[in-house]
Amino acid sequence: MAKRFLTADDVRRLGGPTIVIDRETVVTPQALETAASAGIAIRAEGGGAYTAPAPNRGPDAARAQHTLPQLPEPELAEGVGVVVTAVGKNRPGVLAEITAELARLDCDVRDISQRTVADFFHMVLTCAVPDGADFKSIKDTLQCLGGDDDFVVRVMHERVFRFMHRV
Amino acid sequence: MPFTDREILETVRMVELETLDIRTTTLGIDLLDCADPDLESACEKVYTKIVHHGRNLVAVANSIQNDYGVPIINKRVAVTPISLVAAASGSDDLVPFARAMDAAAVEIGIDFIGGFTAYVHKGFTRTDEALFASIPAALAETKRVCSSVSLATTRAGINMDAVAKFAAVVLETARRTAADGGIGCAKLVCFANPVEDNPFVAGAHHGIGEPETVLNVGVSGPGVVRSALARLGPEASLQAVAETIKRTAFKITRMGELVGREAARRLGTSFGIVDVSLAPTPAVGDSVADILELIGVDRTGAPGTTAALALLTDAVKKGGAMASSSVGGLSGAFIPVSEDQGMIDAVAMGALSLAKLEAMTTVCSVGLDMVAVPGDTSAATIAGIIADEMAIGMVNGKTTAVRIIPIPGKKPGDKHDWGGLLGTAIVQDPGRFSCEVLWKRGGRIPAPMQSYRN
């Protein structure tokens, strides 16, 4: 039976012992409850108990999945995965602390620049990350370095800079 | 080096210090296939479809935030105008639809859902009338549902009967949410020339020309523009000011384009539009009024304010248009009074009157937004304020809106703090003269000459 939805009302009307539905039909929570309390089994066509289908986002969505990756992007900066910036109070060992953590995360520092003004420093590192690395864990690990009264680290994906500063 | 230090630090500064963010990722969901002659079944389908499609929205937005280091503040859903979805049910009480929307919003973890909507710019269907009657109860009973109505278009003129009815709905909504300072009205907006892909609440809804599902993005960044102008200084010419705003808007929009593409890809849907709107928040520095004052007026509301706002709105649109082929929605500058600390200050010191605000709406991207008036303002006066705003939109072929809050028990000059994003209102004086006769005439203001374009 090809239906977009199976409602509680449908279940009461169709009755049991089994209602067979199309694979794309979405069963409402109320329909599931009604069926369960009446002892009616809801099965998807071709056998098996009902499981919610993947959302059908419509014909445009299917096309978009094909066309979206084809939209032109700003040129890729070779070997850059993340951009790490650090700002804070200067003291011996700050650079070592950050780069040691980067090494532990298997990130390759491609470029680095650092300035100090009076007692403060700011530092920019561009790094290549290993294939398949989890950006979130790299970011979280690095951003935990330093502290309120020491220095602050920020990590952003290179694509943000590429979109903002390159056309 | 692929990026210069300056470029990198500029971006980091925008995010860290200047409150640049993706203000909203809004998933539009078509609900026309949820129509059902049985009210209960229709509501079941509405709930089920919103949850079915929206379930991953928050997770996807969070994953993009994590993967790119770009803050995404709000995740929202916009649905097909409920007056269309509910028509088949024939019900006079449409509050159950609002309950279904609210429950679905809770289930998928979002704070607002838009689409308790009707288009009545030319006239009412029976369901439109039922929806109007249901708005006060729906907004009082639910927390997350937002309602919007279309009262006028350039093509159709202004439906003054609908304006009068809407004014009554506003007053009744304020009365029902009196304990919370009439907060229901903050979720209620009327439009001239509404935008069908607007991702920002309270006016967000999924228009009938839209696809099955679509992902729209709203970017904001008044703080970034403000800082750029502060660095430019007061000596620079207005061309330099426009150029600076344009360049900044370009960069902001690029971030929206990136997030929009990525969010649509991860959700498996199509990418609709980037709405590049300077949307202020009560946070210090995140203010459109501050920008106007940096352009060169002493206080927002002083002579020159409308000109400064015209420059700002236009430069934002131009920068946005160069940055993305998908700029849409409202795109420009919002001036929600209670949500903008600079505007609140301007009202408090008597610089910004309701009349000046109305003038500003001729060149901003929306209209009278989050304006508080005394709770005992008459329906005729509220209808008059709305009709004026609709006329501006109709004649100028632009979107205008009114989100007005008659705060029960408050007098002009009184303060009310709603807290959070809605901010603090100072009740404004609508004047002591009304428009009873105009209000009572009823009927429709015909479409202007500009509409005869075929």
Side-chain angles (χ1 to χ4, degrees), chain A residues 4-5 7-10 26-31 52-65 67-69 71 73-80 82-83 85 87 110-111 113 115 122 124 126 134-136 139-140 143 152 154-167, chain B residues 1-5 7-12 14-16 29-30 33-34 36 38 40-45 47-49 51-56 63 65-70 107 210-215 250-252 254-259 261-262 264-265 267-271 322-323 325:
Chain A
R4 295 270 172 98
F5 302 94
T7 63
D9 194 44
D10 292 330
V26 180
V27 181
T28 69
Q30 292 86 340
N56 182 341
R57 312 266 197 213
D60 292 287
R63 274 191 289 277
Q65 291 313 293
T67 53
L68 268 177
L71 287 175
E73 275 213 18
E75 208 172 311
L76 182 69
E78 205 55 51
V80 179
V82 295
V83 174
T85 53
V87 193
R110 291 298 176 95
D111 203 274
S113 92
R115 302 258 183 293
H122 75 78
V124 177
T126 48
D134 175 24
F135 179 87
K136 184 179 186 301
K139 186 181 81 171
D140 289 348
Q143 291 192 170
V152 181
R154 284 289 167 261
V155 183
M156 288 176 86
H157 199 283
E158 62 81 27
R159 221 172 149 209
V160 176
F161 300 90
R162 196 147 45 93
F163 262 74
M164 205 178 258
H165 300 291
R166 298 287 179 270
V167 286
Chain B
M1 186 171 189
F3 305 108
T4 66
D5 277 10
E7 288 169 337
I8 289 169
L9 292 174
E10 183 186 12
T11 304
V12 174
M14 283 181 182
V15 173
E16 292 298 323
I29 305 173
D30 173 81
D33 57 0
C34 298
D36 197 293
D38 178 56
E40 212 172 298
S41 297
C43 293
E44 254 180 76
K45 291 181 188 176
Y47 171 87
T48 305
K49 185 156 186 189
V51 172
H52 190 56
H53 281 279
R55 197 181 288 287
N56 291 333
S63 75
Q65 178 167 309
N66 285 332
D67 287 358
Y68 288 96
V70 172
E107 176 65 22
E210 295 286 311
E212 183 87 18
T213 59
V214 66
L215 194 280
F250 176 89
K251 288 173 183 164
I252 295 171
R254 291 296 292 167
M255 207 162 86
E257 170 82 13
L258 166 64
V259 169
R261 285 186 195 182
E262 197 55 29
R265 192 184 67 76
L267 269 172
T269 187
S270 45
F271 171 34
M322 292 301 289
S325 301

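Computed from heavy atoms alone, side chains included, the values below leave out hydrogens, waters and symmetry copies. First the proteins, then the strands, lettered A, B, ... as listed; each starts at 1.
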**Item:** Contact class of A/Ala62 relative to chain B, heavy atoms under 4.5 angstrom
**Value:** neither
**Prompt:** With a 4.0 Å cut-off, would you call A/Arg162 and B/Glu7 a salt bridge?
**Reply:** no
**Prompt:** Shortest non-hydrogen contact from B/Thr269 to A/Ala64?
**Reply:** O-CB, 3.9 Å
**Request:** Could you tell me which portion of A/Val152 (side chain, backbone, both or neither) has an atom closer than 4.5 angstrom to a non-hydrogen atom of chain B?
**Result:** neither
**Asked** Would a 4.5 Å heavy-atom cut-off, applied to side chains only, mark B/Lys49 and A/Phe5 as touching?
**Response** yes
**Asked** What pairs with A/Pro59 under side chain to side chain contact (heavy atoms under 4.5 Å, CB included), at least two apart in sequence or on another chain?
**Response** A/Arg63
**Item:** Between B/Asp67, B/Val259, B/Asn56, B/Asp36, the one whose heavy-atom pairs under 4.5 Å with chain A are most numerous
**Value:** B/Asp67
**Asked** Of the listed residues (A/Val87, A/Asp9, A/Leu71), which shares the most heavy-atom pairs with chain B below a 4.5 Å separation?
**Response** A/Leu71
**Message:** Taking side chain as everything from C-beta outward and backbone as N, CA, C, O, which of these in A/Lys136 sits under 4.5 Å from a heavy atom of chain B? Side chain, backbone, both or neither.
**Reply:** both
**Fill in**
Honestly, the part of A/Thr28 sitting under 4.5 Å from a heavy atom of chain B is both
**Message:** Using the ring pair (Phe, Tyr, Trp, His ring centres under 6.0 Å) criterion, which residues pair with A/Phe161? Sequence neighbours excluded.
**Reply:** B/Phe3
**Asked** Which bit of B/Leu9 is near chain A, if near means a heavy-atom gap under 4.5 Å: side chain, backbone, both or neither?
**Response** side chain
**Which portion of B/Gln65 sits near chain A, non-hydrogen atoms under 4.5 angstrom** = backbone
**Complete:** In this structure, CZ of A/Arg154 is separated from OG1 of B/Thr11 (nearest 0.5 Å) by 14.5 Å
**Request:** State, to 0.1 Å, how close B/Ala264 and A/Gln65 come at their nearest heavy-atom pair, and which atoms those are.
**Result:** O-NE2, 3.5 Å
**Asked** With a 4.5 angstrom heavy-atom cut-off, which part of B/Val15 approaches chain A: side chain, backbone, both or neither?
**Response** side chain
